[in-house]
2 protein chains.
Amino acid sequence: MSSRVTLADVAQRAGVSTQTVSRVVNHNPAVRPETRARVLEVIGELGYRPNTVARSLATRRTMTFGIVVPDIGNPYFADVVRGAEDAARGLGYQILLCNTDQMPERELTAIEAFQEKQVDGIILCSTRIPEEDLPDTLRTHTPIVLTGREWVEGAVGAVHADDDRGLLLAIKHLLQRERRNIVFAAGRPGGPGHARRMRAWHEFADSAGYCAEQLVAIPCATNPAGGQEAASQALRDNPEVDGIVCFNDLVAIGAVHACIEAGKRVPEDVAVVGMTDIALASLVEPPLTTVGHAKHELGKQAVAMLVDHLASRAHEREIVLKTELVVRASAP
Amino acid sequence: MSSRVTLADVAQRAGVSTQTVSRVVNHNPAVRPETRARVLEVIGELGYRPNTVARSLATRRTMTFGIVVPDIGNPYFADVVRGAEDAARGLGYQILLCNTDQMPERELTAIEAFQEKQVDGIILCSTRIPEEDLPDTLRTHTPIVLTGREWVEGAVGAVHADDDRGLLLAIKHLLQRERRNIVFAAGRPGGPGHARRMRAWHEFADSAGYCAEQLVAIPCATNPAGGQEAASQALRDNPEVDGIVCFNDLVAIGAVHACIEAGKRVPEDVAVVGMTDIALASLVEPPLTTVGHAKHELGKQAVAMLVDHLASRAHEREIVLKTELVVRASAP
DNA sequence: CACGCAAATGTGAACGCTAACATGCTAGAT
DNA sequence: ATCTAGCATGTTAGCGTTCACATTTGCGTG
């Protein structure tokens, strides 16, 4: 029956001031052991629990972070959120969650709602807010860390995977296996990560002396349906296609389906490489070769950065997490 | 630059009292249109944003629900949380998330932390708090809705899927396909849903006149590894096994692997049926036949129940969501 | 033309806590 | 005995809202 017991109730019963009780609750050492014991006893008797809303009003800290993701149902973001929550919990912070389905207006609404709730910081994952609006959005007193994209003016920092190198790993892997007609199912143009991956794609094409035609990038939705569509289009345009690199693993799964539908064997006829290595990747048939991301770590680092910032501790402006090629059956 | 602007700042600048500004912000009709316009203008100029922490202290409502799940990385709970957040957002509520990895102490800690944060309600998913401790835990002023298990004294309500019937559907499906040596990979004894599914299992065995030996239930961890272990044990004990029903889809995926490892073909030699129909189920090879759960709906209903309760509206004490058999290749 | 009534606005106080300072007390130094 | 450090505790004033009431204003009525 822990109900409406306040500091004052405890103070009165224990015969001390509210301030002393507050000190006990907050582990302030400046309390005589006997007094502390007495207060703790009364706290136990009365079942007192501090009211963090009142505490937050007084301290101007809520010990809460908000995290904005496109969709927690997407295993990628589930892992990122999990990492963030683990780190936050360890540091005494709690996590407010908001899904936006990649709708910029909903991202903005979420940020404002979080700010009104006085969160101590916000983690904005793979935002779809247009590049040009971002600085304005970030120009606020609430620290914001970005994930899945580069740092931009106004943000406390950014945490993302090394997609450039990841993409390179994937392409090189395919080239070494004598794949010569490689296609990139590139995700949504304008979407987070798209520009970076495209840049890497073209840089590589140039440096390797490839003629542009040999490296085709096809925009697509970042889910199985998008991958299926992109892959079947690619195979229609050029039946010689023997390698597909995908924006993420969900796209790759769709691409695999498209190949099979088109009568191609994976990996014999077409090798498929995914990205991010979600749990799913090792469970589908064939298991996906993929460029692994440290998703859990991503969430953790985002929280760590926020906490460092709040403590006025120096920290990187941008953290780039290593990617690694995980070779499975879809591109052995 | 939306910083520390308060109601008082707005009031002073607009030449009215804080109360009037408060009325405008809260859409209280008892304000002259001209006054309202003036106040709104100043709010715009100053970039005022209400401080919900202060508001919550005064109103004793935080417009926040806490949700406790074993692991958001598990696609089942990701869907439930997504459903809850969707419903909550639509009603102006926000969601605090906590993962517990099925550790009862962490569930208790989470509940307490949420209470200190004065959440308006808690959704406790598939709790592993021992049956006998549950009433004490629930005996609190914060409304708690349970999911994934039956209602228990003290809870506002419970929302869960009709596993009894679901399990029946699975078994009957296998029997109709002339499978005669059926095994149940039953999940963790004492875990949520375990008792209910076991009861259904035995009830069916009795009613169908089966001798107990023909329906074996094997406890296992509720993940692919658990399923793999349980299935390989079952096949070792009885090579005749031709049907495996699984606690959930992750277990089913493990069971499929075990079958293949043991040289059995799925579904020709052994038919495998999963439960809950996570997105993964249709993407593995072979695609899983499974008993579908309305996961998104589960989260939604939990929130709806909480909101009804807070509004002192009548509501069911227990909502049982229908399950349906989704037939795919693993048990055609 | 005073009267009363409703609509519009204002006035404390409260929500439960902490920050910052003030006070009282004990004990060692002088 | 007196002074003074320094520890333990108390006091006061917010934190930014809303609540419950009090007050003012405008307007139709007898």
Side-chain angles (χ1 to χ4, degrees), chain A residues 2-40 42-43 46-64 92 113 115-120 141-142, chain B residues 2-40 42-43 46-64 92 113 115-120 141-142:
Chain A
S2 93
S3 40
R4 300 252 146 270
V5 183
T6 72
L7 265 195
D9 297 331
V10 175
Q12 185 179 11
R13 177 95 169 249
V16 297
S17 73
T18 60
Q19 188 55 226
T20 299
V21 180
S22 173
R23 286 191 183 101
V24 171
V25 170
N26 292 291
H27 306 106
N28 184 321
V31 180
R32 201 156 39 111
E34 314 149 42
T35 314
R36 173 187 311 279
R38 171 80 188 120
V39 169
L40 284 174
V42 174
I43 285 177
L46 266 43
Y48 167 75
R49 317 235 112 241
N51 179 327
T52 53
V53 170
R55 194 207 305 263
S56 292
L57 185 58
T59 59
R60 297 148 162 284
R61 306 192 75 200
T62 53
M63 298 305 281
T64 307
Q115 288 179 329
E116 295 187 1
K117 221 155 200 155
Q118 313 297 118
V119 298
D120 296 336
H141 65 282
T142 310
Chain B
S2 91
S3 38
R4 298 253 144 268
V5 184
T6 71
L7 265 193
D9 297 331
V10 176
Q12 185 179 14
R13 176 94 169 252
V16 296
S17 74
T18 60
Q19 189 54 225
T20 299
V21 180
S22 173
R23 287 190 182 100
V24 171
V25 171
N26 292 290
H27 306 105
N28 184 322
V31 179
R32 201 153 42 109
E34 314 148 42
T35 314
R36 173 186 313 281
R38 171 79 187 119
V39 170
L40 285 174
V42 174
I43 285 178
L46 264 43
Y48 168 74
R49 316 236 112 242
N51 179 327
T52 52
V53 171
R55 195 205 305 260
S56 292
L57 184 59
T59 60
R60 296 147 163 283
R61 307 193 73 199
T62 52
M63 298 305 281
T64 307
Q115 288 179 329
E116 295 187 2
K117 222 157 200 155
Q118 312 298 115
V119 299
D120 296 337
H141 65 281
T142 310

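Naming convention: chains lettered A, B, ... in sequence-line order (proteins, then strands); numbering from 1 in each chain. The structure presented is a predicted model; accordingly, all values stated were derived computationally and were not measured.
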Is B:R60 touching bases, backbone alone, or none of the nucleic acid, heavy atoms closer than 4.0 Å? sugar-phosphate
Would you sort out whether B:E34 and B:R38 count as a side chain to side chain contact (heavy atoms under 4.5 Å, CB included), showing the intermediate values? CA-CA 6 Å; B:E34 314 148 42; B:R38 171 79 187 119; over 6 Å; no
Donor-acceptor under 3.5 Å (B:S56 side chain, B:T52 main chain): yes
Could you tell me the separation between the CD1 atom of A:I43 and the C1' atom of C:dC17, rounded to a whole number of Å? 13 Å
At 4.0 Å (heavy atoms only), tell me whether B:T35 reaches a base, stays on the sugar-phosphate, or touches nothing. sugar-phosphate
A:T64 side-chain N/O to A:T62 backbone N/O, donor-acceptor pair under 3.5 Å: yes
Main-chain N/O of A:V31 paired with A:T35 side-chain donor or acceptor, under 3.5 Å: no
Contact class for A:S17 vs. all strands (heavy atom < 4.0 Å): base, sugar-phosphate, or nothing? base
Distance in angstrom units between B:R55 CZ and C:dG16 P, rounded: 18 Å
Any side-chain N or O of A:T59 under 4.0 Å from OP1/OP2 of C:dA19? no
Span of DNA chain D in contact with chain B (heavy atoms, under 4.0 Å): D:dG16 to D:dA20
Of B:V53 and B:R23, the one whose closest nucleotide on DNA chain D sits nearer the 5' end is B:V53
Rounded to whole Å, please give me the gap between CD in B:Q118 and C1' in C:dC15. 11 Å
Nearest-angstrom distance from the residue atom NZ of B:K117 to P of C:dG16: 18 Å
For A:D9 and C:dC17, give me the distance from atom CG to atom C1', rounded to whole Å. 13 Å
Measure CZ/A:R49 against P/C:dC17 and give the value in whole Å, please. 12 Å
Quick check: do A:Q118 and B:R49 have side-chain heavy atoms less than 4.5 Å from each other? no
Of B:T18 and A:T18, the one whose nearest nucleotide on DNA chain C sits closer to the 5' end is B:T18
Roughly how many Å is it from CG in A:N28 to P in C:dC17, rounded to a whole number? 16 Å
Is there a side-chain contact between A:N26 and the phosphate of C:dT18, meaning an N or O under 4.0 Å from OP1 or OP2? yes
Note: for B:A30 and B:A54 on DNA chain C, the residue whose nearest nucleotide lies more 5' is B:A30
Has A:K117 got a side-chain atom pairing as donor or acceptor with B:N51's backbone, closer than 3.5 angstrom? no
Side chain of A:Q19 (C-beta onward), nearest among C:dG16, C:dT9, C:dA19: C:dA19
B:V31 side-chain proximity, nearest of C:dC17, C:dT9, C:dC15: C:dT9
Kindly say whether A:N28 contributes a backbone atom to a donor-acceptor pair with the side chain of A:N26 at under 3.5 angstrom? no
To the nearest angstrom, the CD-P distance between B:E116 and C:dC15 comes to 20 Å
Checking side-chain contact (heavy atoms from CB on, under 4.5 Å) between B:I43 and each of B:V5, B:D9, B:V25, B:L7, which is the one that passes? B:V25
For a quick test of reading the model: is some side-chain N or O of A:T6 closer than 4.0 Å to OP1 or OP2 of C:dG16? no
Mind checking B:T52 for me? I need base, sugar-phosphate or nothing, with any heavy atom below 4.0 Å counting as a touch. nothing
